[in-house]
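Working notes, beginning with the structure itself.
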Amino acid sequence: TGIIQEFDLQLVQHLNRLYTLQEAYTNFNRSVINNYMGKAFPETEKDIRALIISVGRSMNDILSFERDLSAFYTKILQSIK
(Lines give C-alpha, C1' and ligand atoms only; values in the text may rest on other atoms or scores of the structure.)
Protein backbone atom coordinates (compact mmCIF):
# COMPACT_ATOMS: atom_id res chain seq x y z
CA THR A 1 0.00 0.00 0.00
CA GLY A 2 2.57 2.61 1.04
CA ILE A 3 5.38 0.97 -0.90
CA ILE A 4 4.52 2.82 -4.11
CA GLN A 5 5.39 6.11 -2.42
CA GLU A 6 8.92 4.82 -1.89
CA PHE A 7 9.53 4.11 -5.59
CA ASP A 8 11.80 6.48 -7.45
CA LEU A 9 9.40 7.34 -10.26
CA GLN A 10 12.15 8.79 -12.44
CA LEU A 11 14.10 5.55 -12.12
CA VAL A 12 10.99 3.54 -12.98
CA GLN A 13 10.48 5.70 -16.08
CA HIS A 14 14.11 5.23 -17.13
CA LEU A 15 13.85 1.48 -16.62
CA ASN A 16 10.66 1.39 -18.67
CA ARG A 17 12.30 3.32 -21.52
CA LEU A 18 15.33 1.05 -21.33
CA TYR A 19 13.16 -2.05 -21.48
CA THR A 20 11.26 -0.66 -24.48
CA LEU A 21 14.48 0.23 -26.29
CA GLN A 22 16.04 -3.16 -25.48
CA GLU A 23 12.96 -4.93 -26.85
CA ALA A 24 13.06 -2.82 -30.04
CA TYR A 25 16.76 -3.61 -30.42
CA THR A 26 16.14 -7.33 -30.01
CA ASN A 27 13.29 -7.24 -32.54
CA PHE A 28 15.42 -5.27 -35.00
CA ASN A 29 18.26 -7.79 -34.69
CA ARG A 30 15.87 -10.68 -35.29
CA SER A 31 14.49 -8.92 -38.34
CA VAL A 32 17.97 -8.29 -39.76
CA ILE A 33 19.03 -11.90 -39.21
CA ASN A 34 15.83 -13.26 -40.74
CA ASN A 35 16.19 -10.91 -43.69
CA TYR A 36 19.73 -12.06 -44.50
CA MET A 37 19.08 -15.72 -43.79
CA GLY A 38 16.13 -15.74 -46.19
CA LYS A 39 18.12 -14.39 -49.12
CA ALA A 40 20.07 -16.35 -51.67
CA PHE A 41 23.81 -15.83 -51.80
CA PRO A 42 24.55 -12.90 -54.11
CA GLU A 43 25.94 -14.01 -57.45
CA THR A 44 26.50 -10.83 -59.39
CA GLU A 45 28.62 -7.81 -58.59
CA LYS A 46 25.44 -5.72 -58.45
CA ASP A 47 23.90 -8.11 -55.91
CA ILE A 48 27.09 -8.11 -53.82
CA ARG A 49 27.19 -4.29 -53.80
CA ALA A 50 23.52 -4.15 -52.77
CA LEU A 51 24.21 -6.62 -49.96
CA ILE A 52 27.20 -4.62 -48.72
CA ILE A 53 25.15 -1.41 -48.71
CA SER A 54 22.33 -3.17 -46.87
CA VAL A 55 24.70 -4.62 -44.27
CA GLY A 56 26.29 -1.20 -43.79
CA ARG A 57 22.91 0.39 -43.14
CA SER A 58 21.97 -2.35 -40.72
CA MET A 59 25.26 -1.95 -38.86
CA ASN A 60 24.68 1.81 -38.56
CA ASP A 61 21.23 1.14 -37.08
CA ILE A 62 22.69 -1.39 -34.66
CA LEU A 63 25.37 1.08 -33.62
CA SER A 64 22.71 3.71 -32.96
CA PHE A 65 20.69 1.28 -30.83
CA GLU A 66 23.78 0.28 -28.88
CA ARG A 67 24.77 3.90 -28.19
CA ASP A 68 21.26 4.63 -26.92
CA LEU A 69 21.24 1.51 -24.77
CA SER A 70 24.65 2.35 -23.34
CA ALA A 71 23.49 5.87 -22.47
CA PHE A 72 20.39 4.53 -20.72
CA TYR A 73 22.36 1.91 -18.79
CA THR A 74 24.88 4.55 -17.70
CA LYS A 75 22.12 6.95 -16.61
CA ILE A 76 20.34 4.23 -14.64
CA LEU A 77 23.50 2.95 -12.99
CA GLN A 78 24.43 6.48 -11.93
CA SER A 79 20.99 7.08 -10.48
CA ILE A 80 21.06 3.96 -8.29
CA LYS A 81 24.55 4.53 -6.88
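Quick caveat: nothing in here was measured; it's all calculated off a predicted structure. Side chains included, hydrogens not; waters and symmetry mates left out as well; all remaining heavy atoms used.
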- Tell me whether V55 is reachable from F28 by hopping between hydrophobic residues (I, L, V, M, F, W, Y) whose side-chain heavy atoms are closer than 4.5 Å. yes
- Query: With the 4.5 Å side-chain cut-off for hydrophobic clustering, are I62 and L21 part of the same group?
  - Reply: yes
- Query: Which pairs with one or both residues in residues 53-66 pass side chain to side chain donor-acceptor pair (under 3.5 Å), sequence neighbours excluded?
  - Reply: Y25-E66, Y36-S54, Y36-S58
- Item | Backbone N/O of R30 and side chain of N34: donor-acceptor pair under 3.5 Å | yes
- Message: Just verifying a value: how many Å separate L51 CG and K39 NZ, rounded to the nearest 0.5 Å?
- Response: 7.0 Å
- Query: How long is the gap from CG on L69 to CG on L18, to the nearest 0.5 Å?
  - Reply: 6.5 Å
- Heavy-atom side-chain proximity of H14 to Y73 below 4.5 angstrom: no
- Can you name the residues that form a side chain to side chain donor-acceptor pair (under 3.5 Å) with E45, not counting sequence neighbours? R49
- Interatomic distance, CD@Q22 vs CG@N27, rounded to 0.5 Å, equals 10.0 Å
- Task: Apply side chain to side chain donor-acceptor pair (under 3.5 Å) to N29 and list each qualifying residue two or more places apart in sequence or on a separate chain.
- Result: none
- Residues in ring pair (Phe, Tyr, Trp, His ring centres under 6.0 Å) contact with F72, at least two apart in sequence or another chain: none
- Message: Looking at every non-hydrogen atom in both residues, tell me the closest pair between D47 and P42 and how far apart they are.
- Response: CB-CB, 3.6 Å
- Message: Using the side-chain contact (heavy atoms from CB on, under 4.5 Å) criterion, which residues pair with Y19? Sequence neighbours excluded.
- Response: E23
- Can you tell me how far CG of L15 sits from CZ of R17, rounded to the nearest 0.5 angstrom? 11.0 Å
- Item | Interatomic spacing from CD1 in I80 to CG in L11 - rounded to 0.5 Å | 7.0 Å
- Item | Contacts of S70 that satisfy side chain to side chain donor-acceptor pair (under 3.5 Å) - sequence neighbours left out | none
